[in-house]
Student: 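Take a look at the following structure, please.
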Amino acid sequence: MKTADHKIYLASKSPRRRELLRQIGIDFELLLLRSDGPRGADVTEEVLPGESALDYVARVSNEKAAFAWDLVRRRHLTPRPVLAADTTVTIDGIILGKPADRLEAVAMLQQLSGRTHQVLTSIAVHYKNFAEQRTQVSQVRFGVLTPAAIAAYCATPEPYDKAGGYGIQGSAALFVEHIEGSHSGIMGLPLYETAQLLRLAGLPLP
């Protein structure tokens, strides 16, 4: 399968994912899905009853990619592979989404302090008859966080648009004692798996 050109559509608002795609030289055009408004979100990010973190990120990334590819067809856009992704943090079987406020951000960081948690990022690529998904799981251990460190971090804008209430690419890197897995996956886009799927979809990558 060959692509119409060497570009993809990125169905994500995340600036980290844009930076990571630029890092490996992938040209993209944004194809943003609606996350709120009178008609609600195009794809719900609610966790279903009894849904595991692994099932959750896989479902959401697939639904985002499927919806975005349908937009390509309905709007008669240039056919290109559509890339979507979803990231979540889990500890003790509990999914930690984006904190709604400072109290929730503080509680999340207290929960992660001195312990190992999992960061799951699922990516999905849809293009014509191609639809594939991969999930990357990383283990992240935080050192013990002092109340002052948590308070200082939660006084910044960083925790509030990120699953688990932190971003490893920011000052929360100081919290991380050890990681096992993919640094780019923890940021929100595992580059190895992303390149694998885009090659399969027909994008000419090294």
Student: Quick one: pull up CD in Gln169 and OG in Ser184 and give me the separation to the nearest 0.5 Å.
Tutor: 11.5 Å
Student: With a 4.5 Å heavy-atom cut-off, do Thr78 and Tyr9 have their side chains touching?
Tutor: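 Contact flag for Thr78/Tyr9 side chains = yes.
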Student: So do the side chains of His6 and Asp27 get within less than 4.5 Å of each other, counting heavy atoms only?
Tutor: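 The answer is no; the side chains never approach within 4.5 Å.
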Student: So which atom in Tyr153 and which in Gly167 form the shortest heavy-atom distance, rounded to 0.1 Å?
Tutor: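 For Tyr153 versus Gly167, the nearest heavy atoms are OH-N, 3.1 Å.
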Student: For residues Trp69 and Pro79, report the shortest heavy-atom separation together with the two atoms involved.
Tutor: CH2-CB, 4.2 Å
Student: To the nearest 0.5 Å, what is the distance between CG (Leu20) and CG (Leu10)?
Tutor: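 With rounding to 0.5 Å, CG (Leu20) is 10.5 Å from CG (Leu10).
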Student: Look only at the side chain of Arg18 and the backbone of Lys13, and say whether a donor-acceptor pair between them is shorter than 3.5 Å.
Tutor: yes
Student: Please tell me if the side chains of Ile179 and Gln139 come closer than 4.5 Å, counting only heavy atoms from C-beta onward.
Tutor: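 No. Closest side-chain heavy atoms not under 4.5 Å.
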Student: For residues 86-95, dump all side-chain donor-acceptor pairs below 3.5 Å to protein atoms at least two apart in sequence or in another chain.
Tutor:
| residue | atom | partner | partner atom | Å |
| --- | --- | --- | --- | --- |
| Asp86 | OD1 | Lys64 | NZ | 3.4 |
| Thr87 | OG1 | Arg17 | NH2 | 3.1 |
| Thr87 | OG1 | Thr121 | OG1 | 2.8 |
| Thr90 | OG1 | Ile94 | O | 3.0 |
| Asp92 | OD1 | Arg115 | NH2 | 2.7 |
| Asp92 | OD2 | Arg115 | NH1 | 2.9 |
| Asp92 | OD2 | Arg115 | NH2 | 3.2 |

Student: Please answer: with hydrophobic residues joined when any side-chain heavy atoms are less than 4.5 Å apart, are Leu197 and Phe28 in the same cluster?
Tutor: yes
Student: For a side chain to side chain contact (heavy atoms under 4.5 Å, CB included) check, start with the C-alpha distance between Leu31 and Arg80, then their side-chain angles and the critical distance, and finish with the verdict.
Tutor: CA-CA 11 Å; Leu31 185 60; Arg80 299 186 183 114; over 6 Å; no
Student: Looking only at atom types and distance, does a side-chain atom of Ser138 sit under 3.5 Å from a main-chain N or O of Ser182, one as donor and one as acceptor?
Tutor: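 Side chain of Ser138 to backbone of Ser182, a donor-acceptor pair under 3.5 Å: yes, one is there.
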Student: Linking I/L/V/M/F/W/Y whenever any side-chain heavy atoms sit under 4.5 Å apart, do Leu33 and Val57 land together?
Tutor: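 As far as the 4.5 Å side-chain criterion goes, Val57 and Leu33 are not connected within one cluster.
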Student: For a 4.5 angstrom cut-off between non-hydrogen side-chain atoms, does Val125 reach Leu203?
Tutor: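 No. Closest side-chain heavy atoms not under 4.5 Å.
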Student: Determine, step by step, whether Asn62 and His126 satisfy the side chain to side chain contact (heavy atoms under 4.5 Å, CB included) criterion, reporting the C-alpha distance in whole Å, the side-chain angles of both residues, the deciding distance to 0.1 Å, and the verdict.
Tutor: CA-CA 8 Å; Asn62 264 317; His126 286 214; 3.5 Å; yes
Student: For Ala195, enumerate each residue passing the side chain to side chain contact (heavy atoms under 4.5 Å, CB included) test, keeping only those at least two apart in sequence or located in another chain.
Tutor: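 With sequence neighbours excluded, Ala195 shows a side chain to side chain contact (heavy atoms under 4.5 Å, CB included) to Arg199, Leu205, given in chain and number order.
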Student: For residues 47-61, which residue pairs pass the salt bridge (charged side-chain N to carboxylate O under 4.0 Å, His left out) check, not counting sequence neighbours?
Tutor: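 Listed by first then second residue: Glu51-Arg59, Arg59-Glu63.
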Student: Are Ile8 and Ile123 connected into the same hydrophobic cluster when the rule is that any two of I, L, V, M, F, W, Y join if their side-chain heavy atoms are below 4.5 Å apart?
Tutor: yes
Student: Do any pairs count as a salt bridge (charged side-chain N to carboxylate O under 4.0 Å, His left out) and have a residue in residues 132-141, sequence neighbours left out, and if so which ones?
Tutor: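 For residues 132-141, and leaving out neighbouring residues, the salt bridge (charged side-chain N to carboxylate O under 4.0 Å, His left out) pairs sorted by first residue read Glu132-Arg134, Arg141-Glu177.
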Student: Taking all atoms of both residues into account, what is the closest heavy-atom pair of Gln133 and Ser122, and its distance?
Tutor: NE2-OG, 2.9 Å
Student: Going by ring pair (Phe, Tyr, Trp, His ring centres under 6.0 Å), name the residues that satisfy it together with Tyr166, two or more places apart in sequence or in a different chain.
Tutor: His117, Phe142
Student: Working to the nearest 0.5 Å, report the span between CD1 of Ile26 and CG of Leu198.
Tutor: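 It is 5.0 Å, given to the nearest 0.5 Å.
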Student: Nearest heavy-atom pair of Ser61 and Ala124: which atoms, and what distance?
Tutor: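 Smallest interatomic distance, heavy atoms only, reads O-CB, 3.5 Å.
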Student: Yes or no on side chain to side chain contact (heavy atoms under 4.5 Å, CB included) for Leu48 and Tyr56, after CA distance, side-chain angles and deciding distance?
Tutor: CA-CA 8 Å; Leu48 301 178; Tyr56 168 72; over 6 Å; no
Student: Are side-chain heavy atoms of Tyr160 and Arg102 found at a separation under 4.5 Å?
Tutor: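 Of all side-chain heavy-atom pairs linking Arg102 with Tyr160, at least one is under 4.5 Å.
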Student: Can you hop from Leu200 to Tyr192 via hydrophobic side chains spaced under 4.5 Å?
Tutor: no
Student: Scan residues 144-164 for pairs that pass salt bridge (charged side-chain N to carboxylate O under 4.0 Å, His left out), counting only residues two or more places apart or in two chains.
Tutor: Arg16-Asp161
Student: Quick one: closest heavy-atom pair of Pro159 and Gly165, and the distance?
Tutor: CB-O, 3.1 Å
Student: Do the side chain of Ser113 and the main chain of Leu109 share a donor and acceptor less than 3.5 angstrom apart?
Tutor: no
Student: Would you compute the distance between atom CG of Leu174 and atom CG of Leu145 and round it to the nearest 0.5 angstrom?
Tutor: 10.5 Å
Student: Do Val47 and Val119 land in one hydrophobic cluster if side-chain heavy atoms of ILVMFWY residues count as linked below 4.5 Å?
Tutor: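 Shared cluster, no.
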Student: At what distance, to the nearest 0.5 angstrom, does CE of Met108 lie from CD1 of Ile150?
Tutor: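 So the CE of Met108 and the CD1 of Ile150 are separated by 13.0 Å.
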Student: Check whether any side-chain heavy atom of Leu71 lies under 4.5 Å from a side-chain heavy atom of Leu77, and answer yes or no.
Tutor: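 Of all side-chain heavy-atom pairs linking Leu77 with Leu71, none is under 4.5 Å.
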Student: What distance separates Glu193 CD from Leu191 CG, expressed to the nearest 0.5 Å?
Tutor: 9.0 Å
Student: Given Leu120 and Gln136, is the side chain to side chain contact (heavy atoms under 4.5 Å, CB included) satisfied, shown in steps?
Tutor: CA-CA 6 Å; Leu120 298 84; Gln136 195 281 327; over 6 Å; no
Student: Is there a side-chain contact between Leu112 and Val140, using heavy atoms and a 4.5 Å cut-off?
Tutor: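 No - every pair of side-chain heavy atoms lies 4.5 Å or more apart.
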